[in-house]
Amino acid sequence: MTFLLPAALAGLLALAVPLLLHLLRGEAVREEAFPALRYLLASGAPRERHRRLRELLLLALRLTLVLLLTLGAARWILPTGAGHHPPADLVLLVDNGPLSGAVVDGRRILEAQRALAERLLEELGPADRVWVLPTATTGPASAPVARPWTPEEAREALARIEPEGVPSKVEAAVERARVLLAARPPGPSRIVVIRSDGTRLGEGAATGETIASVEVDPGIPAPPNRGISHLEVNEGQPLRPGEGVEIAVRVEAWSPAPGSGVAPAEAPVADLSVRWIVDGEIRALARTNEIGEARLRLDAALAAEATGTDGFFRGRVELDPDALRLDDALDVVLPVRPPPPVRVIGEPGRWAEAALATLAEAGWIQLDGQRSDPVRGSTGPSPSQVPSLPPGSAAILTPEVSLFLPPEDPVHLAAFRAALPEEAGRRVGAPASGAWVLRPLPDLEVAGGVRVGRRYALDGVAGEGGGEPVGRLPLDDGRPWLLEGPRAPGATAAGRPGAEAPARVGEGAGGVIRILGSPLSPGWTELPVTAAMVPLLDRLLRAPGAEGGLAPLVSPVTPVPPSGPPGGRWVRAALPDRGGREATPFLAWLLFVILCVEGWLAGTRRSPPRPDPERTPRS
Amino acid sequence: MEGALLGQHPSRRRGLSAEFAALRDYRPGDDLRFVDWRMVGRSDRWFVKEFHEETHLSAMILLDASASMGWSSRPGTLPSKGWYASLLAGVLGLLLLRQGDRVGIGVFDEAVRSWLPPRGGRGQETRLLRAVEGVEARGTSAAATPLREAATRLRRRGLVVLVSDLLMDEAPTIRALRALVHQGNEVVVAHLMDPGERRLEGTGRRLLRDPESGARLQVSAPDAREAYAEAVERSIQTWKRALRGMGAVHHLVDTAEPPSRALLALLRSTRAPERGRTSR
């Protein structure tokens, strides 16, 4: 028996009510003397049997009444075998996560999922409405679905679904489906999830009490899988023209854990061929070692071959394909940049000079040989103007970053501040004007335990940490701070003490101003020369978002072997009234008839009193 | 009541007496002394006068004291049939005695329990009242035996009044009554019925027991009411037809009504000269 609202069957407990009333109803009958008993005996057969029979019949009718009410409330489906069902709303969720692309016996798992969906669509009529939604999508999560499709339109949408390399968000898709169905007019509705693996939603997950869900899986055991788990180019460092490139690849395997539902530990895959493909041709080969790592070393020529005229290094790292091919190859696209030119103004301090020298020697920066006198300005042919900074202060300028170091002597602090670039009329450390709003940024951590805390961004700057504006902070308390702000497109300007117009610092095309602020000794310029300062300076000079390397691959969903290939009954369960009719109209008619019979039977118990012939007046 | 009826028991026989009764057409052989000459002179037709004959009545009251007579449908509100019957028998007997009649009383159940032969006089009043006082209702009803005994013991033709609820076998009782009538007695039956016997009261089930036979029956009062009423009516009609057919008088007495009404009816019937009259 099929019920649309099986929870209403709890009403069967009410069957006990008429039964108890019937059992408790028997009043204690007291024996009494009645001399005229002979008249009763002469009146015919005793009526007690008839009364008992009628009471039993009434009991049966009342039990039937309760039963019919309960069946009607539970919306019992009478199996007619005719395959007819009223118009229904269905949401078909196709799990197109990475595993759906696994090829088993020459066919992708997604094809088996499509076949299951087709079976369901064949049972739909022209009045049924259906949505077909993938659970793994790279599009917006809240992409609107304009209207439900006809079964024909649903077939077309089903054909367009392809495996995605992103994790499948089945529960979110179920929630979305539930919202879609809740907005529909009342009627039979279902959510059907066609999984690609054995991962289950759990009992009644996100479907609520009124929308039933059916989960089906194609019954194809999830195959073992291996793929590229990590790839890094030049250890995250920028690529430089004329230099070779080293691509580090890690290959790992994931085996299905039968019934455990727990992701197994990844196992490295050794002795596996890894290829570097450019324009469809293998340009480099390597094999994974015992820990699953391989390094593809491209010399400068190969690297140049992979670099296009647009300045981007392109290629593809491939493995031998297995059942799941989505993670068997990865495209690499990275910009190739020359070392940025760095101009130093003033005396940034020995630590900074040493760090700059180290970076220049490594080829990461290109030091401008011309040093500018912060007082006299530029003497070179560069059209850039340099700020006139007070003694003891310095600036290190790159095309993307302007790094200012304050003077040690607080006497020059005011002049230093006055010389700082003005951004929309604001100045760092300006007296309380109420116009400044600083946003805290995460501490700058570098290797060697160097840490720059008290980082702030000016309001409106998309800093690395984000966060809510905290208002103006006292930056003159003697503790070091680092302030970052946008550098306006075009030239930045720095004021010159006594100058009527600010001097230009250099060309700017946007970028970041970073100001190391510390009014007391030791000032930033007096920091010790240590190896830890090199990466600090490197980070300070690196534009936001310029970190190297590619993000590692997302591990695929650990498959759980399904219980077996689905039978045909899931289609019936997916459709509210498959092969049946709702019994409620028939039950209502039957209820009416039983009520009439019960009322008649109960009424005949009380026969109307006959007029007493002895008391009626005689004419 | 006594003053209205004292000494007034017309005989059913027509004969010589001081009281004119009626005129009838002259038939050859009639005594010419009784020809109404005034009517002859007026109408030129011959009529003969008829006269009532006054006699002293010999009455026997048979009182049913079976167990069914001790029942009342509303104890405390309605008297039992036995009490009602004793009252009727006692008052009727006193009235007849005061009229100069001779009255006797027999108390019976399935047999004659006590027998007071018909006599007159003051002493008989005391004996009569003693006979009806404190009569215990017990035993089964069988009037045939006391009726046959009354027929044997009554030396003179007279009045026999049966006071009973008639909850007994009809056939032998009717035969015994018919024998009394054939003997020349005037038979009056006071058929006592409690209103709870006339109509089956109650709205639910009742477990009923016959106090005489001990039979039990559980019945649904609403279900059985109609058929019961029909059975009661059939029985009443049976008694009426039977008694009327033999020339006896049948009075149906409702014990919820004042006894005076029943007494009046009984007394009137003891005066009626016609046979086969019933009341109610």
Side-chain angles (χ1 to χ4, degrees), chain A residues 17-62 596-619, chain B residues 66-73 75 80-81 137 140-141 165-170 193-236 238 252 254 256-257 280:
Chain A
V17 174
L19 204 59
L20 280 173
L21 288 174
H22 176 80
L23 292 174
L24 295 174
R25 201 174 184 177
E27 66 265 19
V29 180
R30 221 172 34 178
E31 186 180 280
E32 52 180 306
F34 192 74
L37 196 65
R38 60 176 58 230
Y39 296 136
L40 264 174
L41 296 172
S43 67
R47 299 299 182 99
E48 180 60 13
R49 283 202 298 271
H50 292 170
R51 189 198 70 83
R52 281 185 185 170
L53 187 62
R54 185 168 51 221
E55 291 295 325
L56 284 174
L57 189 58
L58 277 172
L59 173 65
L61 284 174
R62 285 160 185 164
C596 291
V597 172
E598 196 270 348
W600 172 77
L601 264 180
T604 55
R605 262 188 309 185
R606 291 175 293 278
S607 54
R610 291 185 56 169
D612 188 345
E614 289 295 311
R615 297 184 191 279
T616 52
R618 288 175 290 191
S619 59
Chain B
S66 62
S68 62
M69 294 294 289
W71 187 78
S72 167
S73 63
S80 66
K81 289 181 289 184
T140 58
S141 298
D165 56 8
L166 297 185
L167 291 176
M168 58 189 71
D169 291 337
E170 294 166 355
M193 190 169 276
D194 187 284
E197 290 175 328
R198 194 74 189 270
R199 182 173 182 270
L200 189 62
E201 302 289 343
T203 59
R205 286 188 299 156
R206 297 177 69 183
L207 179 58
L208 306 174
R209 176 180 53 82
D210 188 337
E212 292 187 8
S213 66
R216 285 183 174 80
L217 181 69
Q218 189 169 96
V219 68
S220 168
D223 294 341
R225 186 171 294 125
E226 188 173 339
Y228 174 83
E230 289 173 1
V232 169
E233 195 59 32
R234 273 200 304 274
S235 176
I236 294 172
T238 300
L252 188 62
D254 187 338
E257 292 187 347
R280 289 194 181 230

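Remember, it's a predicted structure, so these values are computed and weren't measured experimentally. Below, chain A is the first sequence line, B the second, and so on; all start at residue 1.
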Engineer: Quick one, B:D210 with A:R38, criterion side chain to side chain contact (heavy atoms under 4.5 Å, CB included). Give me CA distance, side-chain angles, the key distance, then yes/no.
Structural biologist: CA-CA 8 Å; B:D210 188 337; A:R38 60 176 58 230; 5.5 Å; no

Engineer: Looking only at heavy atoms and a cut-off of under 4.5 Å, which of B:M193, B:R216, B:E212 has the most pairs with chain A?
Structural biologist: B:R216

Engineer: Can you tell me how far OH of A:Y39 sits from CD of B:E230, rounded to the nearest 0.5 angstrom?
Structural biologist: 14.5 Å

Engineer: Going by side chain to side chain donor-acceptor pair (under 3.5 Å), name the residues that satisfy it together with B:R206, two or more places apart in sequence or in a different chain.
Structural biologist: A:E32

Engineer: Could you go step by step and tell me if A:F34 and B:L217 meet the side chain to side chain contact (heavy atoms under 4.5 Å, CB included) rule?
Structural biologist: CA-CA 10 Å; A:F34 192 74; B:L217 181 69; over 6 Å; no

Engineer: At their closest point, which heavy atom of B:A227 faces which heavy atom of A:S43, and how far apart are they?
Structural biologist: O-CB, 3.5 Å

Engineer: According to side chain to side chain contact (heavy atoms under 4.5 Å, CB included), who are the partners of B:E170, at least two apart in sequence or on a separate chain?
Structural biologist: B:I174, B:S235, B:T238, B:W239

Engineer: What's the shortest heavy-atom distance between B:Y228 and A:A36, and which atoms?
Structural biologist: OH-CB, 3.3 Å

Engineer: Please identify, among B:M168, B:K81, B:R234, B:M69, the residue contributing the most non-hydrogen atom pairs under 4.5 Å to chain A.
Structural biologist: B:M168

Engineer: Considering all heavy atoms of both residues, which atom of A:P35 and which atom of B:E197 are nearest to each other, and what is their separation?
Structural biologist: CB-OE2, 3.8 Å

